[in-house]
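Within every chain, numbering begins at 1; the chains are lettered A, B, ... in the order of the sequence lines, protein sequences first and strands thereafter.
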Number of protein chains: 2
Amino acid sequence: MARIVDVAALAGVSTATVSRVLNGKAVRADLEKAVRKAIDELGYTPNRTARSLRRQHSEVIALVLPDIENPFFTSLARGVEDIAQEAGLSVVLCNTDEDPDKQERYLRIADDENMAGVIVAPAGPSALLRHLTERERAVVVVDRAVPDDVDQVTFDNLELGRRATRALAERGFRRIACVTGPESTPTAVARAQGWREELAEAGLPAPEDLLVHVNFRVDGGEDAMTRLLELATPPDAVLATNNLVGVGALRVLSATDQVDLGLGIIGDLPFVTSPVDNVSLLQLRPREMGLSAARMLVQRIRGEAGPARQIVQPTQPVRLGAPRESGPAR
Amino acid sequence: MARIVDVAALAGVSTATVSRVLNGKAVRADLEKAVRKAIDELGYTPNRTARSLRRQHSEVIALVLPDIENPFFTSLARGVEDIAQEAGLSVVLCNTDEDPDKQERYLRIADDENMAGVIVAPAGPSALLRHLTERERAVVVVDRAVPDDVDQVTFDNLELGRRATRALAERGFRRIACVTGPESTPTAVARAQGWREELAEAGLPAPEDLLVHVNFRVDGGEDAMTRLLELATPPDAVLATNNLVGVGALRVLSATDQVDLGLGIIGDLPFVTSPVDNVSLLQLRPREMGLSAARMLVQRIRGEAGPARQIVQPTQPVRLGAPRESGPAR
DNA sequence: TTGTAGGCGTTATCAG
DNA sequence: CTGATAACGCCTACAA
């Protein structure tokens, strides 16, 4: 592997000059030309490890996610990657599996490797996260708000719950249930609170047996839906507050063909196969969230950012049935 | 950030001794104890960049995939990650978007960063890939075979096509169509060839208008399915040769409720919502493929591997309807 | 077994 | 604007 000294020797200059050419600093035109020629001839590319060691930070950012198999996060990752690529950064994807310990481990690695920055959707509180922000490392928190003074891109989850509920109420449903995530998950709680408040405002009942907490996954949605349908007085509509729970609900629905039951889903459904013409969809477009977060991070890395910013990511209006373009990936 | 010299000073030993403790080499017991205590007190962790520079390879492996939003690949990634974690390696996920140029760029980066190894599902032929294997870097190719002499984990795609077709024939279907990927995609062609051969063997017709090449995505499946249903003599069953095409086919089917039409799908359907009781599923379990590939890579990195091995990843037998446990992630 | 010291490849400082 | 040189933090001969 060619090194910078080889290039310097071939071009008849010092390594310092080669380095300057590499980094776009002022160099006499003829020397620059000679250096570029040498680089070409040797097929030289800078050793990024050495560069990182010297510069005290690498050209890699970590994207720390709780579940890499959830399309919400892969889509978000896709957005991050697109911006990172533009900025000449590579992305390391880390899967915490909703495990705070794993999360700490990955954040530690990001620190040890002197990564340029970190984007994290936190699985619980993190001492290391605070530590990183205090040490002025570039950090952006996504999707799940934390109390720390750090750049964040999140949804207004209360508002999401309200809007999705309102859409169902406006369609004439009167007994609207809510399936949401565990009480330990703030986004789940906030969306359910939005459901509660919107129903109160519309003068509709919100009995607690219509609020079901399950895990935020497909089987959670299935369980909840089954339970709701078995109720003595079942709901006439159901709000699923995330994508996977929505998938679970749809499965039960399409297996039992309950055509009359209204359904609302907060989240995107890339691989759904049953018709959703009758489903009120509040699409979150996680890719956009990834774009926002990555842009913030790049600014922070470049030192162009001031005090911590907390952005509320806008979403699509609720609509009936998925528009074609949001279906397949790409 | 504490450095190795700080630990050495605090423990009253040389940096060499600290390094030895860190790397599990023989050190006098009392010194080792002192060193560990100092490490604890300072919260020291080795700087991985410096270590990489010195050792000439890092503890990171690159996973180069053509489409990070396809559940097949995220699941595969999940498997890779699990093994990597055990082996103390981090995984960098790189999305090539089926673009050979992007792929070359990422492979180049993996090389420049002295990564410990690379797992790649190739999007077309790659000069760099050959270059890497020739330079004895740890490389494993997954999912899509290449002619090079390199570790590989792939499916027997011809056999997959045959088995899935046979399952449909055994269910009594007589006019079985095949929807597969572009003719430029070897796996798509091989699976279609399996379809052709199996039909021939069963004495069933395989007219070319029942073989449809589309893109290997959801919209491809939708288009193909629509086209097939409009045929003067439509098929009585359809084989979809990958997961996304299968999703597209299911969408059309559940929108038109063609209950009589047989369907076979090669691939896993984690987020499907319509019932699949009548679908012959040949599950590939990509996570297992990721596990195999990562194990091979780890062996190669450790120098425990000899000549290049080419593994055929086993799959599940064809079955009717998805077993419960393969539905939701996890 | 332990310590000393050189070097991995790059960039930044400081003279010239 | 250019060149020599000293770091960046770690590991590993080599010598003791």
Side-chain angles (χ1 to χ4, degrees), chain A residues 1-36 38-39 42-60 88 108-116 135 137 301 303, chain B residues 1-36 38-39 42-60 88 108-116 135 137:
Chain A
M1 204 68 189
R3 293 155 310 158
I4 200 171
V5 287
D6 304 321
V7 176
L10 185 58
V13 298
S14 74
T15 60
T17 299
V18 178
S19 175
R20 288 187 190 107
V21 171
L22 252 28
N23 296 288
K25 317 229 168 162
V27 166
R28 220 171 61 213
D30 57 327
L31 291 189
E32 167 157 3
K33 216 170 116 185
V35 169
R36 296 215 178 277
I39 288 176
L42 296 172
Y44 166 81
T45 56
N47 179 316
R48 302 162 72 112
T49 308
R51 175 176 282 177
S52 300
L53 179 60
R54 178 60 227 228
R55 288 201 187 151
Q56 298 290 53
H57 73 99
S58 72
E59 281 136 340
V60 175
R108 160 76 66 178
I109 289 178
D111 196 26
D112 294 344
E113 294 230 26
N114 290 318
M115 292 192 189
R135 289 184 46 227
R137 312 265 311 200
I301 289 170
Chain B
M1 204 68 188
R3 294 155 309 157
I4 200 171
V5 287
D6 304 321
V7 177
L10 184 58
V13 298
S14 74
T15 60
T17 300
V18 178
S19 175
R20 289 186 189 111
V21 171
L22 252 28
N23 296 290
K25 316 231 165 157
V27 167
R28 221 170 62 211
D30 57 328
L31 291 190
E32 167 157 3
K33 216 170 114 183
V35 169
R36 294 214 179 278
I39 288 175
L42 296 172
Y44 167 80
T45 55
N47 179 315
R48 303 162 71 111
T49 308
R51 178 176 279 178
S52 301
L53 180 60
R54 180 56 229 241
R55 291 196 184 158
Q56 297 290 48
H57 74 98
S58 72
E59 281 137 341
V60 175
R108 160 77 65 179
I109 289 178
D111 196 26
D112 294 344
E113 295 227 23
N114 289 318
M115 293 192 189
R135 288 184 45 226
R137 312 268 309 202

Looking at Thr17(B), does any N or O in its side chain come under 4.0 Å of the phosphate oxygens OP1/OP2 on dG3(C)? yes
Has Arg137(A) got a side-chain atom pairing as donor or acceptor with Met115(A)'s backbone, closer than 3.5 angstrom? yes
Expected output is a numbered-order residue list: members of residues 22-29 of chain A with a heavy atom under 4.0 Å from any atom of DNA chain C. What is it? Asn23(A), Lys25(A)
Taking NZ, NE, NH1 and NH2 as the nitrogens, is one of them in Asp111(B) or Arg108(B) under 4.0 Å from a carboxylate oxygen of the other? no
By nearest-heavy-atom nucleotide on DNA chain C, the more 5' of Val13(B) and Ala50(B) is Val13(B)
Separation of dG7(C) P from Asn114(B) CG (nearest whole Å): 19 Å
Report the distance from atom CG of Asp112(A) to atom P of dC8(D), rounded to the nearest whole Å. 18 Å
If you check the Arg20(A) side chain, which of dC10(D), dA6(D), dC14(C) turns out closest? dC14(C)
Using whole Å, what does the distance between atom C1' of nucleotide dA4(D) and atom CD1 of Ile4(A) come to? 14 Å
Without decimals, in angstroms, what is the distance between Arg55(B) CZ and dC11(D) P? 5 Å
May I ask you to evaluate whether Gln56(B) reaches the phosphate of dC11(D), defined as a side-chain N or O under 4.0 Å from OP1 or OP2? no
Among dG3(C), dC11(D), dT10(C), the one nearest Arg51(A) by side-chain distance: dT10(C)
Please report the interatomic distance CG(Leu22(B)) to OG1(Thr15(B)), rounded to the nearest 0.5 Å. 11.0 Å
Closest nucleotide among dC10(D), dT4(C), dT10(C) to the Ala16(B) side chain: dT4(C)
Using whole Å, what does the distance between atom C1' of nucleotide dC11(D) and atom CZ of Arg54(B) come to? 4 Å
Testing the basics here: between Ser19(B) and Ile4(B), what is the closest heavy-atom pair and its distance to 0.1 Å? N-CD1, 3.9 Å
Residues Arg3(B) and Asp6(B) bridged, charged N to O under 4.0 Å: yes
Rounded to the nearest angstrom, tell me the gap between atom CG in Asn47(B) and atom C1' in dC10(D). 8 Å
Please give, in whole Å, the distance from dC8(C) C1' to His57(B) NE2? 13 Å
Which nucleotide in the list dT10(C), dA4(D), dG7(C) gets nearest to the side chain of Ser14(A)? dA4(D)
Between CZ on residue Arg48(B) and CG on residue Asn114(A), distance to nearest 0.5 Å: 11.0 Å
What distance separates Ser52(A) OG from Glu113(A) CD, expressed to the nearest 0.5 Å? 8.5 Å
Whole-Å distance, Arg3(A) CZ to dC8(C) P, equals 7 Å
